[in-house]
Number of protein chains: 2
Amino acid sequence: MKAPAYRRSVPDARRRSLIEACMRVLAREGATRTSVRAIAAEAGVSAGLVNHYFEGVDALVAETYAETDRLVTDRLAEAVAAAGPDPRDRLAAFVTGSFAAPIANPDLLATWIAFWSLVSARPEIAAQHEAHYCAFRARLEELLAACGVPADRLRSAAIGVTALVDGLWLELCLSPGQFDPAEADAIARRFLDAIIASGG
Amino acid sequence: MKAPAYRRSVPDARRRSLIEACMRVLAREGATRTSVRAIAAEAGVSAGLVNHYFEGVDALVAETYAETDRLVTDRLAEAVAAAGPDPRDRLAAFVTGSFAAPIANPDLLATWIAFWSLVSARPEIAAQHEAHYCAFRARLEELLAACGVPADRLRSAAIGVTALVDGLWLELCLSPGQFDPAEADAIARRFLDAIIASGG
DNA sequence: CGGTTTGTTATACAATCGTCCAATAAGTCG
DNA sequence: CGACTTATTGGACGATTGTATAACAAACCG
């Protein structure tokens, strides 16, 4: 057996600590200055250990992206759940959550940039990105459908909302001074109103 | 005198050839594998020459971004000019042009990624990005104003359209298989219709 | 306890990084 | 032509990169 149940807990904790160290280094140093050694130092272990737990630095970045994505997904799900039963409230909570801390955070941008820079070269990472994109869009389609957007417009509506949210989020991270989360939220909500009004 | 007029033409050609080589390397190799040596080899010159014409590799990347931005801006201006006098046609041409080749091109994404990864660390590059963003938004505000969008809604409308176009463009580059430029165009146009209808 | 697997470190490695410098080629001007 | 500025090269520099490996420590099982 490679990993008995009673044993797996420790290595998994190590893996997680390395992923979290990777997040911190990406946030603090940026994508270009993030290296195996910097991550290992941040985690308080030797550099060789990274290659013992991951197939390489790219795999660690990919898993860090996946973990960050999981964090964002959970956070948005909580926001939707806390919004109550009204479909419009739930949809609004989803986009509002995308612009609030800790999701719209310049520190997180470095993780996305590090990941994006691997997409063109690595097919498996491109696949991972597509899976993330499709999942995000699917959740949005659910929320939109509950608001009465007809099925034949669901796809394009979800693509549009995703793009708008991503674009606002990106600019919020790149130039925090241009507009604030509240303004981004107001813009996105007006877009949602237009979609639902024209669709219903 | 440092650079007489009759002399400047040759070095400027060299500068441009290095910038174009930087574009090609970024497109072919990606942001992570782009180095001074790779760029110099692509341009057919020695590596040392890059530091003779630019203050460093970051400066070269910044100028490559500026050049690419100029290219995109010109292309969109041409598209708007070719659209004729009708304000709605001009606005539509602007967004349609953003999704057509050669602007929506995975090859160009590497240039943006390389540039974005410098934004957080280098204040002067953050300033360059803000200038680019403001210029894009200002052009959009002009086109929207001509379509009758009232002045007090101009800012948020332009921010929204910019975000939507950027988000669609980004996804078009990252996952070309998810939707095509025509679909992106249709989504963006419906957004424009909603803005103009509600605003006028 | 002894044998085996696993966690972990330290180090070595070859490659590549950006930058700098001395030397040479080429062009320009008095 | 001679003085001078610029263009360009090739090589060296130290730092850093990702990864592989050998050794040591620790945990586990029979």
Side-chain angles (χ1 to χ4, degrees), chain A residues 1-19 21-22 25-26 28-64 110 113-115 117-118 121-122 124-125, chain B residues 1-22 25-26 28-64 110 114-115 117-118 121-122 124-125:
Chain A
M1 242 185 283
K2 265 209 151 185
Y6 54 86
R7 254 248 206 204
R8 180 174 292 175
S9 61
V10 175
D12 274 8
R14 195 54 105 181
R15 281 179 66 92
R16 191 149 36 225
S17 89
L18 282 171
I19 289 173
C22 184
V25 173
L26 280 167
R28 178 171 12 102
E29 309 283 344
T32 45
R33 302 197 195 283
T34 295
S35 66
V36 171
R37 282 174 174 82
I39 295 165
E42 174 72 27
V45 298
S46 72
L49 203 60
V50 172
N51 277 320
H52 184 263
Y53 283 102
F54 302 92
E55 290 192 21
V57 66
D58 291 0
L60 173 52
V61 168
E63 293 221 31
T64 301
I113 287 178
F115 183 79
S117 63
L118 300 175
R122 305 273 183 128
E124 78 274 14
I125 289 191
Chain B
M1 246 184 276
K2 265 210 153 185
Y6 54 85
R7 251 234 200 223
R8 181 173 292 179
S9 61
V10 175
D12 273 8
R14 194 53 103 183
R15 281 177 66 91
R16 192 151 33 227
S17 89
L18 282 171
I19 288 173
E20 288 168 6
C22 183
V25 174
L26 279 167
R28 178 167 17 95
E29 309 282 344
T32 45
R33 302 194 195 284
T34 294
S35 65
V36 170
R37 282 173 174 82
I39 295 165
E42 174 73 26
V45 299
S46 71
L49 203 59
V50 172
N51 277 321
H52 184 263
Y53 281 103
F54 302 91
E55 290 192 20
V57 67
D58 290 359
L60 173 52
V61 167
E63 293 220 31
T64 301
F115 183 79
S117 62
L118 300 176
R122 305 273 183 127
E124 77 274 14
I125 289 193

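Just so it is clear: chains get the letters A, B, ... in the order the sequence lines come, proteins before strands, and each one is counted from 1.
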Task: Rounded distance in Å - NE2 (A:His52) to P (D:dA25) - done: 17 Å
Task: Spacing of B:Phe54 atom CZ relative to D:dT8 atom C1', expressed in whole Å - done: 15 Å
Task: Between D:dA26 (C1') and A:Arg14 (CZ): distance, integer Å - done: 13 Å
Task: side-chain contact (heavy atoms from CB on, under 4.5 Å) partner of A:Val50, the single match among A:Leu60, A:Val57, A:Val45 - done: A:Leu60
Task: Sequence neighbours excluded - salt bridge (Lys or Arg N to Asp or Glu O under 4.0 Å) pairs with any residue from residues 51-60 of chain B - done: B:Asp58-B:Arg122
Task: Over 12 foreign heavy atoms within 6.0 Å of CZ, A:Arg28 - done: yes
TODO: Would you indicate whether the side-chain heavy atoms of B:Ile19 and B:Phe54 approach each other to under 4.5 Å?
DONE: yes
Open item on the list: Is the phosphate of C:dC20 approached by B:Asn51 (side-chain N or O, under 4.0 Å from OP1 or OP2)?
Closed with: no
Task: Length of the CG-P vector between A:Leu49 and C:dA10, whole Å - done: 11 Å
TODO: Assign B:Val45 to base, sugar-phosphate, or nothing according to its heavy-atom contacts below 4.0 angstrom with the strands shown.
DONE: sugar-phosphate
Which protein N or O atoms sit under 3.5 Å from an N or O of nucleotides 13-17 of chain C?
from: C:dC17; atom 1: OP1; to: B:Ser35; atom 2: OG; distance (Å): 2.9

Open item on the list: Can you tell me which nucleotide in D:dT9, C:dT8, D:dG18 comes closest to the side chain of B:Ser46?
Closed with: D:dT9
TODO: Would you mind reading off the distance between A:Asp58 atom CG and D:dG18 atom P, rounded to a whole angstrom?
DONE: 9 Å
Task: Residue pair B:Leu18 / B:Arg15, side-chain heavy-atom distance below 4.5 Å - done: no
Open item on the list: So which atom in A:Ala38 and which in A:Arg33 form the shortest heavy-atom distance, rounded to 0.1 Å?
Closed with: CB-O, 4.4 Å
Task: Interatomic distance, A:Ile39 CD1 vs C:dT8 P [rounded to whole Å] - done: 17 Å
